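Below: the structure, in structure tokens.
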Amino acid sequence: MAKEGENSTFHARDYVDPPPAPLIDASELKKWSFYRALIAEFIATMLFLYITVLTVIGHKSQVATSPDACSGVGLLGIAWAFGGMIFILVYCTAGISGGHINPAVTFGLFLARKVSLIRAIAYMVAQSLGAICGVGMVKAFQSAYYNRYGGGANTLADGYSTGTGLGAEIIGTFVLVYTVFSATDPKRKARDSHVPVLAPLPIGFAVFMVHLATIPITGTGINPARSIGAAVVFNNKKAWDDHWIFWVGPMIGAAIAAFYHQFILRAGAAKALGSFRSQTHV
């Protein structure tokens, strides 16, 4: 630190974005870290579906068997279950796989060249299989309640149009994936050392808030693995009729979030920084 009275110039630490991930990186297939990440994504998504679907079914069971309108955890409790589990699982797996636990998140990060195509596809497969296994565990342990109360499957609620459901999924996923980009921005990590530690918290809160808004409309998908896991195990016609919404909507929302963060916010910030640097200091 310069002493008082001395002329000194503060030089901010230069920041360089990490290079984009290669589109196809076959060398990943030879690394144990790649398969370890797949296992982490599989187990995390399995646990996520097990806890959250069990919460949904438990709530419906309590409401159906009790005259008290406030019985069960309620929609607020369901939203907390989804958001809380994402917070826990992202915290646990972020250092191994990045803590995606959602094909839409993986797709958004792929579009931003944060992961390769091979890793993105492998993650989506692992997440979907993990989700199916997680819901399968719920059905195995509580088959009577599972079948009676809808299996936790995402369906479009009565009174809502397909367009409304699709819009809810697009906007909800945009909120989530935009939060993921903001919370894991490498430039913020370089500037603020506490950001990597806090990243799971805003991501979990984003999931919580979106569930509060969209549970009455679609049951809240914003995660194609969550939707396909419940649909495969429950195997109900209505769930399959509406199922495309829970893939198309999240993928569109993720793509918009990736474009907004990478090409509008970050590109705009870089141009602004360049214009400041080009000015002559007075």
Side-chain angles (χ1 to χ4, degrees), residues 28-29 31-58 78 81-110 114-143 146 150-154 169 172-173 176-177 180 184 199-200 203-204 206-208 210-211 219-236 239-240 243 246-247 249-251 254:
E28 289 188 306
L29 299 174
K31 298 177 181 178
W32 164 242
S33 59
F34 174 73
Y35 297 100
R36 182 181 63 180
L38 294 184
I39 294 170
E41 287 292 310
F42 173 86
I43 295 297
T45 314
M46 182 182 71
L47 295 175
F48 176 61
L49 267 292
Y50 173 72
I51 295 297
T52 54
V53 170
L54 204 56
T55 302
V56 171
I57 293 173
I78 293 172
F82 279 89
M85 280 302 292
I86 286 296
F87 167 67
I88 293 168
L89 294 170
V90 170
Y91 179 82
C92 292
T93 60
I96 300 171
S97 66
H100 296 193
I101 322 173
N102 184 336
V105 171
T106 300
F107 181 63
L109 293 174
F110 165 70
K114 305 293 185 182
V115 295
S116 69
L117 178 61
I118 291 175
R119 184 175 289 263
I121 293 174
Y123 272 24
M124 291 181 191
V125 172
Q127 291 155 358
S128 298
L129 292 176
I132 293 170
C133 290
V135 180
M137 289 169 59
V138 176
K139 184 175 183 179
F141 295 151
Q142 297 199 18
S143 58
Y146 178 86
N154 286 125
E169 288 297 307
T173 310
L176 170 59
V177 178
V180 170
T184 60
I203 295 171
V207 173
F208 168 69
V210 172
H211 273 76
T220 308
I222 68 171
N223 184 337
R226 176 261 185 272
S227 300
I228 198 172
V232 167
V233 179
F234 188 56
N235 200 25
N236 176 272
W240 285 119
H243 186 69
F246 302 101
W247 279 90
M251 293 306 183

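These numbers come from the heavy atoms of this one structure, side chains and all, not from hydrogens, waters or symmetry mates. What you are looking at is a predicted structure, and each value in this text was computed from that prediction instead of being measured. Residue numbers start at 1 and run along the sequence shown.
The line from CG of N236 to NE2 of H243 is 13.0 Å long, rounded to the nearest 0.5 Å. We find the CD1-OH distance between I43 and Y50 to be 14.0 Å, quoted to the nearest 0.5 Å. Note that the CE atom of M124 and the OG1 atom of T45 stand 12.0 Å from one another [nearest 0.5 Å]. How far CG of L117 is from CD1 of I121: 4.0 Å, rounded to the nearest 0.5 Å. In this structure, CG in L47 is found 9.0 Å from SG in C92, a value given to the nearest 0.5 Å.
For K139, the side chain to side chain contact (heavy atoms under 4.5 Å, CB included) partners two or more places apart in sequence, or in a different chain, are Y146, N147, V233. Applying the side-chain hydrogen bond (donor to acceptor under 3.5 Å, both in side chains) rule to E169 yields the partners T218; only residues at least two apart in sequence or on another chain are considered. Residues meeting the side-chain hydrogen bond (donor to acceptor under 3.5 Å, both in side chains) test with E28, sequence neighbours left out: S116, R119. The side chain to side chain contact (heavy atoms under 4.5 Å, CB included) search around S33 returns K31, R36, not counting sequence neighbours.
I228 is listed as a side-chain neighbour of W247, based on a closest heavy-atom distance under 4.5 Å.
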Output side-chain donor-acceptor pairs under 3.5 Å for residues 93-103, partner residues at least two apart or in another chain, one line each.
| residue | atom | partner | partner atom | Å |
| --- | --- | --- | --- | --- |
| T93 | OG1 | L89 | O | 2.7 |
| S97 | OG | E41 | OE2 | 2.6 |
| S97 | OG | G99 | N | 3.3 |
| H100 | ND1 | T106 | OG1 | 2.9 |
| N102 | OD1 | A104 | N | 2.8 |
| N102 | ND2 | I222 | O | 2.8 |

Walk me through whether V232 and W240 qualify under side chain to side chain contact (heavy atoms under 4.5 Å, CB included). CA-CA 9 Å; V232 167; W240 285 119; 3.8 Å; yes
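Contact detail for L29 and F34: the closest heavy-atom pair is CD2-CE2, 3.8 Å. Considering every non-hydrogen atom in both Y123 and A37, the closest pair reads OH-CB, 3.3 Å. Contact record, T55 with I51: OG1-O, 2.7 Å, taken as the closest heavy-atom pair. Here the shortest heavy-atom pairing between A230 and G152 reads CB-O, 3.6 Å. The two atoms that bring A254 and F107 nearest to each other are CB-CD2, 4.3 Å, heavy atoms only. The two atoms that bring L38 and A126 nearest to each other are O-CB, 3.8 Å, heavy atoms only.
Here side-chain hydrogen bond (donor to acceptor under 3.5 Å, both in side chains) pairs that include residues 219-234, with residues two or more places apart or in two chains, are N154-R226, N154-S227, T214-T220.
Put simply, the residue from F48, F87, F208 that forms a ring pair (Phe, Tyr, Trp, His ring centres under 6.0 Å) with F82 is F48.
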